[in-house]
Amino acid sequence: MEYEEEKKAFQEKVDAIGMQNRIARGDAWWPVRVGRSYYNSLNQLCVEVFRTTGQDIDHNFEFGRPVSFFPSPGRGRLEGATVSFVDGDRMVVVVPDGFSVGSLQQEGLGIQLSFDETSYRMMFDALERTMRAKGRLGYLRDLFYTPAMKAETFSFPDISLPYLNATQQHAVGEVLRAKDVAIVHGPPGTGKTTTLVEAIYETLRRENQVLVCAQSNMAVDWISEKLVDRGLNVLRIGNPVRVDDKMLSFTYERRFEAHPDYPQLWAIRKAIRELRQHRAHRSDSYHQKLQRLRDRATALEIGINQQLFGEARVIACTLVGSGHRLLEGMKFGTLFIDEAAQALEAACWIPIRRAGRVILAGDHCQLPPTVKCYEALKGGLGKTLMERIVEQKPAVVTLLKIQYRMNEDIMRFSSDWFYHGMVESAPEVKYRSILDLDLPMTWVDVKKTLPRPLPHREGSSQNSEQNQNGEQQNLERNESREQQNLERNESGEHRSIYSPPSQGGVGGGSLSGGGSLYNLSEAELTLLALQAYYEMIGKERILQERLDVGIISPYRAQVQLLRRMIKKREFFKPFRSLITVNTIDGFQGQERDIIVISLVRSNDEGQIGFLRDLRRMNVAITRARMKLIILGDRHTLCQHPFYRRLWQYIEGLKE
């Protein structure tokens, strides 16, 4: 259902929104300039593509995503082109061998994202194999789906790791004792990555090699970099999102090219391509020579791969990337899945079939996986494997309880609402602040400060009050439908750390009718609030101490509006390198000294759309180290128990 819905939605978006909107959304580059073409270390034909306009627009191109050129070059449609990597406004695209690169040399050429069939094919295949499985994979399947079955463990005391706190040490011990499965539950700022890195390091003192996966390329890059810093030999399958020498140095392609036998292999491959160009003069000697060259190239490639994989202690890739042909037939004693609470269960089974035991790390009280089909969500697709195991086997879960990021007052609300008050602040951050006697959390009620700020659909007219009223009525109808769809639990009860909030809603910040929201007057007030706080701190101190700021909005249109406004404001010119503006999803895993949140929604009925996805709000409010400023219409938002409690909590800090 999700596959069909996403495929249909993708095609409708392509047909409906037009090229300029697709460029603005980062789904297309146009026009582009085509650079050189070459064969990479995997013997794939690659083409360089350069963006010539719209360089300030964020884009959605990344490694492995399928793309197509338009207008279609050559004969018919180009199938099978994928992104190899992207660095700024330069992209390398893998095209099918034998494709005429000369057909790309044309005026008005563009490149756009295509629908990704590969991920779904791999998930379907993994589920089929898991359902039929016997042996170890069948045992893990039955264990995860049978509440009565207990996960087996070894019995030995925690090892001493003085550089970790008590709960982190215990989490590492639980990972080492687990025969089947263990979960490291890491609330914001509790050092989940640090704990996971040590768990992997200690596991490798007992095993020769492990597989480390995550849902996104960015998450794989992050854990890989930390493992490299720990001194481990990491082999990264798939190109990193952030292209720099450090990240590239442990990729499979860079290691393959650096192997002493690679020049010989490259020369043989070149000879094969040149020989094929003279296929008109085929003879018995032609076929014999071609076969000898192929055999030699295959032997060299196998030899290089055996050495690279034999030396690597950690194989790192995305969940879908674990289905890569390079890993075919490989088995691992332990699989580590980072950010497991953001991954569809079907994707997790792709690497699990290669592993003897599974270690999951993440926080099911933060960002959920993205599910676009409401019926699929109701059917259970939004429930992750981590949530399933947390509910059925709480004994395998270790909660990290000491956080090192936030001022105590910022942390306390999240701890009480989502984690039963079990998370505490480390002494060194408990009272951290920028200004003496400053309140760590502030809520600016935009209704009190300005007349009712009206949210707009992206691209809507603002020319008259009549247009605004009509737009507001459309928004209310869409919000009403969205509210009926979400069917959220609004009891206001505190969430158990082992009973995650009910699923509902999907990511992205779009209404069910399409189009993101923005609120011009609230955006103006957001920048005024930040400017006022900057003036209290002082320009010299901000620049000297490099105090960084994150401006967050759940809605992409508001993010883009705020970015444009900051670029135009002379006041923020000296501080632009210290200010990041992004959606909640874009800030996952990050932190800033100051966080400003623009919530956008404003109406009399208290309809707040997917702001009811409280796990996203948990992410937003826990990015701040020392100061959190929230801007929102209290009348609209506080009709929901979560935001009402948050308002009351912030007001209580003044007493």
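All values reported here derive from a predicted model rather than from experimental measurement.
- With no hydrogens or angles considered, no side-chain donor-acceptor pair links Gln558 and Ser553 at under 3.5 Å.
- A side-chain donor-acceptor contact under 3.5 Å links Asn519 and Ser521.
- Distance alone, capped at 3.5 Å, places no donor-acceptor pair between the Trp30 side chain and the Ile111 backbone.
- Looking at Asn217 and Arg65, their side chains never bring a donor and an acceptor atom within 3.5 Å of each other.
- Without hydrogens or angle criteria, Asn618 side chain to Cys365 main chain gives a donor-acceptor distance under 3.5 Å.
- For Glu535, the CD atom counts as densely surrounded, since its 6.0 Å shell holds more than 12 non-hydrogen atoms of other residues, nucleotides or ligands.
- Counting only residues at least two apart or on different chains, the ring pair (Phe, Tyr, Trp, His ring centres under 6.0 Å) pairs with a member in residues 522-543 are Tyr534-Phe575.
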Test log, rule side-chain contact (heavy atoms from CB on, under 4.5 Å), inputs Asn407 and Val429: CA-CA 6 Å; Asn407 176 290; Val429 303; over 6 Å; no
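- One N or O on the side chain of Ser415 and one on the backbone of Val423 form a donor-acceptor pair closer than 3.5 Å.
- Surrounding CE of Met218 are at most 12 heavy atoms belonging to other residues, nucleotides or ligands under 6.0 Å away.
- To the nearest 0.5 Å, atoms CG (Asp633) and CG (Asn603) are separated by 8.0 Å.
- Across Gly238 and Thr251, no two heavy atoms sit closer than the pair O-CG2, 4.3 Å.
- The side-chain heavy atoms of Ile608 and His640, taken from C-beta on, include a pair separated by under 4.5 Å.
- A cation-pi arrangement, defined by a distance under 6.0 Å to the six-membered ring centre and an angle within 45 degrees of its axis, is present between Arg230 and Tyr201.
- For Trp29 and Phe50, the ring centers sit 6.0 Å or farther from each other.
- Residue pairs that meet the side-chain hydrogen bond (donor to acceptor under 3.5 Å, both in side chains) test with at least one member in residues 565-575, sequence neighbours left out, are Glu524-Arg569.
- Between Glu48 and Arg90 a salt bridge is recorded (basic side-chain N to carboxylate O distance below 4.0 Å).
- Note: Tyr643 and Trp443 have perpendicular aromatic rings, judged against thresholds of 30 and 60 degrees for the angle between ring planes.
- Not a single donor-acceptor pair under 3.5 Å links the side chain of Lys246 to the backbone N or O of Val228.
- Note on ring orientation: taking the six-membered ring where Trp is involved, the planes of Tyr649 and Phe413 are tilted (angle from 30° to 60°).
- Note: Leu525 CG to Leu530 CG = 11.5 Å, rounded to the nearest 0.5 Å.
- No hydrogens or angles considered: nothing links the side chains of Asp221 and Ser224 as a donor-acceptor pair under 3.5 Å.
- You'll find the side chain of Pro554 stays beyond 4.5 Å of the side chain of Arg616, heavy atoms only.
- Closest non-hydrogen pair, Arg405 versus Ala624, comes out as CG-O, 4.3 Å.
- Distance alone, capped at 3.5 Å, is enough to place a donor-acceptor pair between the Arg556 side chain and the Arg25 backbone.
- For the residue pair Asn165 / Thr167, a side-chain donor-acceptor distance below 3.5 Å is found, with atom types taken as modelled.
- The number of heavy-atom neighbours closer than 6.0 Å to CD of Gln544, taken from other residues, nucleotides and ligands shown, is 12 or below.
- Ion pairing of Asp409 with Arg432 is absent here, as no side-chain N (NZ or NE/NH1/NH2) approaches a carboxylate O to less than 4.0 Å.
- From Phe10, atom CZ reaches atom CG of Asp116 across 9.5 Å, with rounding to the nearest 0.5 Å.
- Side-chain contact, Thr636 with Lys447: no donor N or O sits under 3.5 Å from an acceptor N or O.
- Ion pairing between a basic and an acidic side chain is recognised when a charged N comes within 4.0 Å of a carboxylate O; Arg546 and Asp593 show no such pairing.
- Using a 4.5 Å heavy-atom threshold, the side chains of Met441 and Leu439 count as separate.
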Worked verdict on Leu578 versus Val549 for side-chain contact (heavy atoms from CB on, under 4.5 Å): CA-CA 6 Å; Leu578 299 173; Val549 175; 5.9 Å; no
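- The pair Asp548-Arg625 meets the salt-bridge criterion, with a side-chain N (NZ, NE, NH1 or NH2) lying under 4.0 Å from an Asp/Glu carboxylate O.
- Rounded to the nearest 0.5 Å, atoms OG (Ser414) and OH (Tyr419) are 5.0 Å apart.
- Using a 4.0 Å cut-off between a side-chain N of Lys or Arg and a carboxylate O of Asp or Glu, Glu424 and Arg412 qualify as a salt bridge.
- Using a distance-only test at 3.5 Å, with no hydrogens or angles considered, a donor-acceptor pair links the side chain of Thr52 to the main chain of Pro31.
- The minimum heavy-atom distance between Ile410 and Leu628, with the atom names listed, is CD1-N, 4.3 Å.
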Derivation and outcome, side-chain contact (heavy atoms from CB on, under 4.5 Å), residues Met91 and Val83: CA-CA 7 Å; Met91 175 164 36; Val83 177; 3.7 Å; yes
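- Looking at Arg623, its side chain does come within 3.5 Å of a backbone N or O of Val619 through a donor-acceptor pair.
- When all heavy atoms of Leu599 and Gly632 are compared, the pair lying nearest together is CB-CA, 4.4 Å.
- Of all non-hydrogen atoms in Arg615 and Pro368, the two that sit nearest each other are NH2-CB, 3.3 Å.
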Phe572 and Gln531: CA distance, side-chain angles, deciding distance, side-chain contact (heavy atoms from CB on, under 4.5 Å) verdict: CA-CA 8 Å; Phe572 291 108; Gln531 180 174 335; 4.1 Å; yes
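- Note that the CD1 atom of Ile537 and the CG atom of Leu435 stand 5.5 Å from one another [nearest 0.5 Å].
- At distances below 3.5 Å, at least one donor-acceptor pair connects side-chain atoms of Glu522 with backbone N or O atoms of Val600.
- With rounding to the nearest 0.5 Å, the separation of CZ in Phe571 from CD1 in Ile566 is 11.5 Å.
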Residue pair Lys627, Thr442: steps toward the side-chain hydrogen bond (donor to acceptor under 3.5 Å, both in side chains) verdict: CA-CA 8 Å; Lys627 179 70 175 182; Thr442 307; 2.9 Å; yes
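- Salt-bridge formation is not detected for the pair Asp416/Arg645: no Lys NZ or Arg NE/NH1/NH2 atom is positioned less than 4.0 Å from an Asp or Glu carboxylate oxygen.
- A salt bridge links Glu339 with Lys192: at least one charged nitrogen is closer than 4.0 Å to a carboxylate oxygen.
- Counting only distance, with no hydrogens or angles, the side chain of Asp445 and the backbone of Arg634 share a donor-acceptor pair below 3.5 Å.
- Classification of Glu6 and Lys372 as a salt-bridged pair holds, one side-chain N sitting under 4.0 Å from a carboxylate O.
- The two residues Gln215 and Ala347 come nearest to each other via the heavy atoms OE1-CB, 4.3 Å.
- Side chain to side chain, Gln403 and Ser425 meet the donor-acceptor criterion of an N or O pair below 3.5 Å.
- Using a 4.5 Å heavy-atom threshold, the side chains of Asn582 and Ile552 count as separate.
- Of the N and O atoms on the side chains of Arg592 and Gln590, at least one donor lies less than 3.5 Å from an acceptor on the other residue.
- Glu545 places no side-chain N or O within donor-acceptor distance of the main-chain N or O of Leu547, the cut-off being under 3.5 Å.
- Residues Asp585 and Leu367 form a side-chain contact, since some pair of their non-hydrogen atoms from C-beta on lies under 4.5 Å apart.
- For Phe610 and Tyr555, the distance between ring centers is under 6.0 angstrom.
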